[in-house]
Amino acid sequence: SGKYWVTIIPDCHKWEVESDFFLFLLQSVGVNPGPFRRNYRPLGAIGLMNLIDDIDTVLSNRGMKWVFVFDQINAVFARDRFKNARDVNKLEMPFSMMTRVLKPRRIISIISASANN
């Protein structure tokens, strides 16, 4: 047990829709997302934030902070609908979750164009 829990989205090219982020969250805490695929209904930003708050409460009780790492973010900006976006804060759902997850002194977000370079 360390001081930080790290959730890595290693290739944002594979991130298409809200349910992908939901599955990333579940996988990152060791929950098999398989049973949720069939029954998944879009949570929206509020539902995703509630899920994040619930997971963060568990981590806080364990004395841990949460770090999100979004890698290969340039793949998101390369999409036609985001070609003119210059800032991650201007992205629509679900990509806006990259900054919505932030919580002072609890959750940080690392956004990387490419950790491979």
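Owing to the predicted nature of the structure, the values given are computational and were not obtained by experimental measurement.
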query: What distance do Leu59 atom CG and Lys3 atom NZ have between them, rounded to the nearest 0.5 Å?
result: 14.0 Å
message: Pair Val69, Val6 - check side-chain contact (heavy atoms from CB on, under 4.5 Å), show working.
response: CA-CA 7 Å; Val69 178; Val6 179; 4.1 Å; yes
query: Is the CG atom of Asp54 crowded by more than 12 outside heavy atoms at less than 6.0 Å?
result: yes
- prompt: What closest approach, in Å, do Phe77 and Asp87 show between heavy atoms, and which atom pair accounts for it?
  reply: CZ-C, 3.9 Å
Side chain to side chain donor-acceptor pair (under 3.5 Å) pairs, two or more places apart, involving residues 57-67: Thr7-Trp66
field: Residues that Lys14 engages under side-chain contact (heavy atoms from CB on, under 4.5 Å), provided they are two or more places apart
entry: Asp11
query: So if you build clusters from Ile, Leu, Val, Met, Phe, Trp, Tyr with side-chain heavy-atom gaps below 4.5 Å, do Ile107 and Val67 land together?
result: no
Side-chain polar contacts of residues 90-101 - donor-acceptor pairs under 3.5 angstrom, sequence neighbours left out - could you list them?
residue, atom, partner, partner atom, Å
Glu92, OE2, Arg81, NE, 3.1
Thr99, OG1, Asn89, OD1, 3.2
Thr99, OG1, Ser96, O, 3.3

Verify same cluster id: Trp5, Leu51 (apolar side-chain graph, 4.5 Å): yes
query: Is there a chain of hydrophobic side chains (I, L, V, M, F, W, Y, each step under 4.5 Å between heavy atoms) that links Met64 to Ile108?
result: no
query: According to a 4.5 Å side-chain heavy-atom criterion applied to Ile, Leu, Val, Met, Phe, Trp and Tyr, with indirect links allowed, do Trp15 and Phe82 form part of one hydrophobic cluster?
result: yes
field: Spatial distance of atom CG (Asn74) from atom SG (Cys12) [nearest 0.5 Å]
entry: 8.5 Å
Nearest-0.5 Å distance that lies between atom CD in Gln27 and atom CD1 in Ile9: 9.5 Å
field: Same apolar cluster: Val29 and Phe70, side chain cutoff 4.5 Å
entry: yes
- prompt: Taking it one step at a time, do Lys103 and Asp53 satisfy side-chain contact (heavy atoms from CB on, under 4.5 Å)?
  reply: CA-CA 9 Å; Lys103 188 187 270 188; Asp53 285 343; 3.2 Å; yes
- request: Determine the minimum heavy-atom distance between Glu16 and Asp20, stating which atoms define it.
  value: N-OD2, 2.7 Å
Passing option when Phe68 is tested against Leu102, Leu25, Ile111, Ile110 for side chain to side chain contact (heavy atoms under 4.5 Å, CB included): Leu25
